[in-house]
Asker: 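This is the structure I have questions about; it appears just below.
In the text below, chain A, chain B and the rest are named by the order of the sequence lines, each starting its count at 1.
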2 protein chains.
Amino acid sequence: MRIAIKQIEAFLAVAEHKSFSAAARHIGVAQPALSTTIRDLETELGVRLFDRTTRRVELTQAGEEFRASSSKVLEDLGHAVQNARDLAARRRGRIRIAAPPLLSSTIVPWAIAAFQREYPGITVELLDAPAQDIREEVLSSNADCGLGTFSAHEEGIERTVLMRDNLALFMPADHPLAAAPYVRWEDMATLPLIAMARSSGIRRLMELGAESAAQVLRPKFEASLVTTALAFVGAGLGVSVLPTYALSRADQLDLVARPLVDPTVSRDLCLIRASGKSLSPAVSSFITVLRNHVQGRIPS
Amino acid sequence: MRIAIKQIEAFLAVAEHKSFSAAARHIGVAQPALSTTIRDLETELGVRLFDRTTRRVELTQAGEEFRASSSKVLEDLGHAVQNARDLAARRRGRIRIAAPPLLSSTIVPWAIAAFQREYPGITVELLDAPAQDIREEVLSSNADCGLGTFSAHEEGIERTVLMRDNLALFMPADHPLAAAPYVRWEDMATLPLIAMARSSGIRRLMELGAESAAQVLRPKFEASLVTTALAFVGAGLGVSVLPTYALSRADQLDLVARPLVDPTVSRDLCLIRASGKSLSPAVSSFITVLRNHVQGRIPS
DNA sequence: GCGAGTTACGATAAACGTAAGGATG
DNA sequence: CATCCTTACGTTTATCGTAACTCGC
């Protein structure tokens, strides 16, 4: 294919204006340049596209046919290019975020809402998956990025810390410990504890904190989902150790959270994405929005 | 549209081979040239099309989309170009020939048959029109070319003489004058004459010949169509003056034609086409076939 | 350190514009 | 004779290939 788009554009311009001079002015080249461009195109196709006398320029039969097909081709190409540019301009696109249950029902929906306001053309899909599956979803490119808690140097992913959250003690608002701004691990040792399941990352962090404070925790109940644990606390069955941002799921339960200190157990909320893959423009913008959104909500 | 087809071809080659080096070998350029071509295309589109490490080259999301649309565009363009080249190669096309009734039923069908054998892909349409309409059909571009008898310098048409035919006397095979190889105008003066209508070109030529021979013809019958005149002769109602090639329409009638001499009245069979319009490849080939065909059939 | 993509730069080739030529109405 | 397309030619621009560099495995 030795044909250039420039040649086709020149051809269509001449066909439209029925004049080399007018077409040359229109596309901003000297008229002799147009002549040679058309001549080369005709040579390439092997057919004469225009019947031209000094007074009239008219399409030949072959020219008519080629005009119809090539103009459609150029139109399609224009659309293809526009689509690509729309992606770049975030006017269009599709992103897929993987997040664990708690984040999927707290921070992420609000971040997505903010993102949608700014980039209404982009489709956002949220893949709410168990925390241990997030990494795999990102690695397999099933999701463009993932949220959760991840260790620093995992294989094949790049990690960015979005915010640092601390473990807090969740209890009914009228609980005695709610009076103080902080709670020490020792303070909760004797309270009935609603813990997360042993496979949970939160559970492990809790045990880490308790161990540092030389406490042994004896959970009275175990829950797989944070919402379950919150409901137990709301029902007055005990207290729970959860990340502070879980508070946003406890609005109707009249709960409070007080940061656990000595030690403060922090938990990084991270964003991960497959290393080696470039961020699509939409994902890159989503990360910015997410980061801004999260920064405005850093708990205590 | 500052995008070149070359760029798209390069892009598709890289996408296919998932390698710059392999793609560069495939399209026959140095690999650094490919790099810059892709880079320019990406800049133009505003998106990164490939995620490339030194070990892997993979399409981005935007690249996948652009690959789908642009490959289709290139395919369509290929078809458009192929169509144009098919026209040039006479593999395809459509031509429309205008011819008067007698030619439409004698020479032309055989010429078209010969043409079709050589160029089976081309559609040939025959517009059989009254002789006086042929020129108009050609001028209005309703027909690509026309056949008939035309004077040398008519406005807007170019004329090519295909063959020179002579007027002859048509009579039953057993007619006394059929014994001689020629007939003189005086010989037929007293015979019952079936003449063409006064508007006919043949009629005018006949009167021209008679006048030169100082004869006054008194037609006994007049016919608008040559076939009618031939039928009258076949029925023994008289003789007629017609171009020799009309003999091919008189097979079953047992007629003979003897050239009229002193003077010999000649009639040029011409091909006309609109001046200023280029011949389409198919028409140009048809003219060649027609000329060859006619040359093999020049009557006495 | 080898293989693969990128950057730098000089050489080559294509495209363009100016000026002159030719044909048409 | 005025207009418009074509041809010719010198200049500019862009493209390409070689070589040196960089990165990842």
Asker: The side chain of A:Ser35 lies closest to which of these nucleotides: D:dG17, C:dT6, D:dT6?
Answerer: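 When the side chain of A:Ser35 is considered, D:dT6 is the closest of D:dG17, C:dT6, D:dT6.
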Asker: I want to verify a distance call: between D:dC5, C:dG25, D:dA8, whose nearest atom is closest to the A:Thr53 side chain?
Answerer: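 Of the options given, the side chain of A:Thr53 lies nearest C:dG25.
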Asker: In whole angstroms, how far is the P atom of D:dT15 from the NZ atom of B:Lys6?
Answerer: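 Taking atom P of D:dT15 as the reference, NZ of B:Lys6 is at 8 Å.
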Asker: Expressed as a whole number of angstroms, how long is the span from B:Asp40:CG to D:dA14:P?
Answerer: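 So the two atoms are 11 Å apart, to the nearest Å.
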Asker: Measure the distance from CD on A:Glu155 to C1' on D:dC25 and round it to the nearest whole Å.
Answerer: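 A:Glu155 atom CD is separated from D:dC25 atom C1' by 12 Å.
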Asker: Could you pick out which residue, A:Arg56 or A:Ala33, lies toward the 5' side of DNA chain C when each is mapped onto its nearest nucleotide?
Answerer: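 Upstream on the strand: A:Ala33.
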Asker: Can you tell me which nucleotide in C:dG5, D:dT3, D:dG24 comes closest to the side chain of B:Thr54?
Answerer: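 When the side chain of B:Thr54 is considered, D:dG24 is the closest of C:dG5, D:dT3, D:dG24.
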Asker: NA contact type, B:Ser21, heavy-atom cut-off 4.0 Å: base, sugar-phosphate, or nothing?
Answerer: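 Since only primed, P, OP1 and OP2 atoms lie under 4.0 Å of B:Ser21, the category is sugar-phosphate.
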Asker: Can you check the B:Ile38 CD1 to C:dT7 P distance for me, whole Å?
Answerer: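 That distance rounds to 13 Å.
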Asker: Say whether, by atom type as modelled, one donor and one acceptor occur between the side chain of A:Thr60 and the main chain of A:Leu49 under 3.5 angstrom.
Answerer: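 Side chain of A:Thr60 to backbone of A:Leu49, a donor-acceptor pair under 3.5 Å: yes, one is there.
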Asker: Please determine if B:Glu154 and B:Arg159 form a salt bridge, counting it only when a charged side-chain N lies under 4.0 Å from a carboxylate O.
Answerer: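 Answer for the salt bridge query: no.
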Asker: So, B:Phe286 versus B:Tyr119, ring centres under 6.0 angstrom or not?
Answerer: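 Ring centroids of B:Phe286 and B:Tyr119 are no less than 6.0 Å from each other.
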Asker: Find the distance B:Arg25:CZ to C:dG3:P and express it as a whole number of Å.
Answerer: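 Result: 12 Å.
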Asker: If the plane angle is over 60° it's perpendicular, under 30° parallel, otherwise tilted; pick one for B:Phe20 and B:Phe50.
Answerer: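 The arrangement is perpendicular - the two ring planes meet at more than 60°.
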Asker: Check the distance between D:dT6's P and A:Arg48's CZ and give it to me in whole angstrom.
Answerer: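 For the pair A:Arg48 CZ and D:dT6 P, the rounded distance is 7 Å.
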Asker: Roughly, in whole Å, what's the span from CD1 in B:Ile3 to P in D:dT15?
Answerer: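 After rounding, the gap between these two atoms is 13 Å.
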Asker: Can a salt bridge be assigned to the pair A:Lys277 and A:Glu158 using a cut-off of 4.0 Å between side-chain N and carboxylate O?
Answerer: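 Between A:Glu158 and A:Lys277 there is no salt bridge, as every charged N stays at least 4.0 Å from the carboxylate O atoms.
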Asker: So does B:Arg2 have more than 12 non-hydrogen atoms from other groups sitting under 6.0 Å from CZ?
Answerer: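 No, because the 6.0 Å sphere around CZ of B:Arg2 holds 12 heavy atoms or fewer from other groups.
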Asker: Both A:Arg52 and B:Arg55 contact DNA chain D. Which one's nearest nucleotide lies toward the 5' end?
Answerer: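 With A:Arg52 and B:Arg55 compared, the 5'-side residue is A:Arg52.
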Asker: Describe, as an angle rounded to 10 degrees, how the axis at the first end of the helix from C:dG1-D:dC25 to C:dG25-D:dC1 is tilted relative to the axis at the last end, five pairs per end.
Answerer: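 Here the local axes at opposite ends form an angle of 30°.
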Asker: In sequence, state the C-alpha distance, the side-chain angles, and the governing distance for B:Arg52 and B:Glu42, and then conclude on salt bridge (charged side-chain N to carboxylate O under 4.0 Å, His left out).
Answerer: CA-CA 13 Å; B:Arg52 34 201 193 272; B:Glu42 288 177 329; 2.9 Å; yes
Asker: Given D:dG17, C:dG17, D:dC16, identify the nucleotide with an atom nearest to the side chain of B:Ala30.
Answerer: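 Of the options given, the side chain of B:Ala30 lies nearest D:dG17.
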Asker: Find the distance A:Arg39:CZ to D:dA8:P and express it as a whole number of Å.
Answerer: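 Taking atom P of D:dA8 as the reference, CZ of A:Arg39 is at 9 Å.
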